[in-house]
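Note sheet for the following structure.
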Amino acid sequence: MLYSLFKNAAFRPVIKYVYGARAEGEENIPATGGVILASNHLDAGDTLVLPAMIKRQVTFPAKAELFKGDRGPFSKLVAWFLRAVGQVPLDRSGGRASLDGLQPVLDVLADGGCVGIYPEGTRSPDGRLYKGKTGVARMALAAQVPIIPVAMKNSRVTRKAGLPWIDHPVVVIGKPLDFSRYYGRVDDPRTLRWVTDQVMAAIHELSGQTYVEAYGTSVKSGSLTEAEAAARILERPGINTKEPELPA
C-alpha cells in the first residue's frame with residue numbers, strides 16, 4: 001500500500017511529467033508471475049525512474065546493513081522506508097553468507113513478485129557497461145523465472161536550481177530471456193557465467209554502451225587502471241564464453 005502511495009503520489013508524477021521520462025517495451029514484462037529485471041546502472045536515478053515508469057511493483061534488493069537502522073535517526077528512517085515499500089535485504093559479504101542471503105529475494109520471486117537487479121554490482125564509473133556478476137543468474141536459475149533485460153539512458157542525476165534533476169530519462173525494456181533448460185544449476189560456475197554474459201549482451205544491445213570485460217568495482221577501487229580497462233573493451237559481452245552442455 002505504501003509502495004503505491006509513494007509511487008503514484010510522489011515519484012511517478014515528478015519523473016514522468018517534470019523530468020520527461022518515458023518507457024519503451026513495457027509490454028515485454030509479464031503482467032503476473034515471478035520475473036527479474038536486469039538493468040545497467042548509470043546513476044542513483046535508475047532506482048527511482050525504472051519502478052516509476054512501469055505498472056508492476058519492483059523490489060530492489062538493498063544492502064543488508066541498511067535494514068539495521070543502528071547508526072542514528074537517519075539510518076532508522078532509511079530502514080523503515082525500505083521495509084515500508086517492500087524492499088528486501090541482500091547480503092553482499094560474499095561466499096556462503098551471500099548465497100544464503102539470497103533467500104529474501106527468492107521468496108519475493110516465489111510469491112510472483114518482480115525483482116530489479118543491477119548485475120554490474122555497482123554504478124558505472126564512466127558510463128560504460130561492465131562485466132556482470134553471476135548473482136543474477138543464480139537468482140533466476142534457483143527461482144526458475146525469466147530475466148528481462150533493461151537499459152537505462154539519460155538517468156544521471158544533476159542539479160537544477162539547487163534541486164535534483166534528471167533530463168528526459170529513458171527506460172528500454174527488452175524481450176524475456178528464457179534459461180529454463182538450465183534451471184537448478186545454481187552451483188555450476190560455467191552455467192552461471194554463460195547465463196550472466198547472455199544477460200549482459202542483451203543489456204548491451206539495448207543500451208549501446210561500450211563494453212569493458214572487467215568489473216566496475218575494479219575500476220572504482222583503482223586496482224584496474226584506465227589503460228588496462230581500455231585494453232579490455234570488447235565488441236559485446238559473452239564473446240569469450242561458450243554455452244554449457246547439458247547432461248546427456
Side-chain angles (χ1 to χ4, degrees), residues 15 19-26 28-29 35-54 56 58-63 87 90 92 105 114-140 145-158 166-177 179 192-221 224 226 229-230 232-241:
I15 289 169
Y19 293 163
R22 61 185 175 88
E24 301 174 2
E26 186 178 1
N28 292 322
I29 303 176
V35 66
I36 296 173
L37 304 182
S39 174
N40 60 337
H41 195 13
L42 299 177
D43 209 333
D46 300 333
T47 309
L48 298 177
V49 174
L50 175 55
M53 295 304 296
I54 67 173
R56 291 195 64 174
V58 182
T59 297
F60 281 102
K63 291 186 293 185
Q87 308 310 291
L90 179 66
R92 298 186 181 184
V105 181
C114 178
V115 169
I117 188 99
Y118 301 116
E120 292 168 277
T122 187
R123 298 177 202 169
S124 172
D126 49 25
R128 298 184 293 195
L129 186 69
Y130 283 83
K131 187 175 181 179
K133 297 187 176 182
T134 58
V136 62
R138 193 183 300 275
M139 289 178 191
V145 298
I147 300 175
I148 310 289
V150 177
M152 302 298 303
K153 299 181 179 182
N154 305 332
S155 56
R156 182 170 175 264
V157 180
T158 59
I166 309 174
D167 191 12
H168 293 86
V170 180
V171 183
V172 185
I173 303 163
K175 295 185 180 298
L177 303 176
F179 299 107
L192 295 178
R193 172 46 54 196
W194 183 81
V195 168
T196 301
D197 285 348
Q198 295 306 299
V199 173
M200 298 309 295
I203 295 172
H204 175 257
E205 185 175 351
L206 295 173
S207 71
Q209 293 167 277
T210 298
Y211 175 67
V212 181
E213 180 77 349
Y215 293 117
T217 49
S218 298
V219 176
K220 283 188 172 182
S221 67
L224 194 71
E226 174 60 33
R232 299 192 184 189
I233 292 175
L234 297 179
E235 182 182 349
R236 62 173 177 80
I239 288 179
N240 298 321
T241 54

ask   = Which residues pass the side-chain contact (heavy atoms from CB on, under 4.5 Å) test with A229, sequence neighbours left out?
value = R128, V212, V219, L224
query = Where is the tightest heavy-atom contact between A38 and I147, given as atom of each residue plus distance?
reply = CB-CG2, 3.7 Å
query = What are the two closest non-hydrogen atoms of I173 and E26, and how far apart are they?
reply = CD1-CA, 3.7 Å
request  = Check G127 against Q209 and note the closest heavy-atom contact, atom names and distance.
outcome  = O-NE2, 3.0 Å
ring-ring contact (aromatic ring centres under 6.0 Å, His included) partners of H41, counting only residues at least two apart = Y118
ask   = When rounded to the nearest 0.5 angstrom, what is the spacing between CD1 in I117 and NZ in K133?
value = 11.0 Å
request  = Please list all pairs passing the side-chain hydrogen bond (donor to acceptor under 3.5 Å, both in side chains) test where one or both residues lie in residues 167-177, with sequence neighbours left out.
outcome  = none
query = Can you list the residues that meet the salt bridge (charged side-chain N to carboxylate O under 4.0 Å, His left out) rule with R22, with sequence neighbours excluded?
reply = E24
query = Shortest non-hydrogen contact from V150 to L37?
reply = CG2-CB, 4.2 Å
task = Might you work through the side-chain hydrogen bond (donor to acceptor under 3.5 Å, both in side chains) test for E213 and N240, ending with a clear yes or no?
result = CA-CA 10 Å; E213 180 77 349; N240 298 321; 4.5 Å; no
task = Taking the side chain as every heavy atom from C-beta outward, state whether P125 and Y130 have any atom pair closer than 4.5 Å.
result = yes
query = How would you list, by chain and number, every residue that makes a side-chain contact (heavy atoms from CB on, under 4.5 Å) with Q198, sequence neighbours excluded?
reply = F179, W194
Those residues that, when tested against V157, pass side-chain contact (heavy atoms from CB on, under 4.5 Å) (two or more places apart) = D43, P164, I166
request  = Indicate the atoms forming the closest heavy-atom contact of R156 with T158, along with that distance.
outcome  = NH1-CG2, 3.3 Å
inquiry  = Tell me every residue that passes salt bridge (charged side-chain N to carboxylate O under 4.0 Å, His left out) with D46, counting only those two or more places apart in sequence or in another chain.
reply    = none
key: Reference residue P169; test side chain to side chain contact (heavy atoms under 4.5 Å, CB included); the match among L50, L42, V49   = V49
request  = Starting at OG of S39, measure out to CD1 of I148 and round the result to the nearest 0.5 Å.
outcome  = 12.5 Å
ask   = What residues, two or more places apart in sequence or in another chain, satisfy ring-ring contact (aromatic ring centres under 6.0 Å, His included) together with Y19?
value = W165
request  = Check whether any side-chain N or O of N40 sits under 3.5 Å from a backbone N or O of M152 as a donor-acceptor pair, and report yes or no.
outcome  = yes
ask   = Among all residues two or more places apart in sequence or in another chain, which pass the side-chain hydrogen bond (donor to acceptor under 3.5 Å, both in side chains) test with T122?
value = K220
request  = Tell me, please, which residues at least two apart from P51 pass side-chain contact (heavy atoms from CB on, under 4.5 Å).
outcome  = Y3, V58, F60
task = Identify, with sequence neighbours excluded, every residue that meets side-chain hydrogen bond (donor to acceptor under 3.5 Å, both in side chains) alongside T217.
result = none
note = Sorted by chain and number, sequence neighbours left out, side-chain hydrogen bond (donor to acceptor under 3.5 Å, both in side chains) with D197 holds for R193, T241
remark   = Nearest heavy-atom approach of Y211 to K131 is OH-CA, 3.6 Å
query = Is the closest side-chain heavy-atom distance between V35 and P176 below 4.5 Å?
reply = no
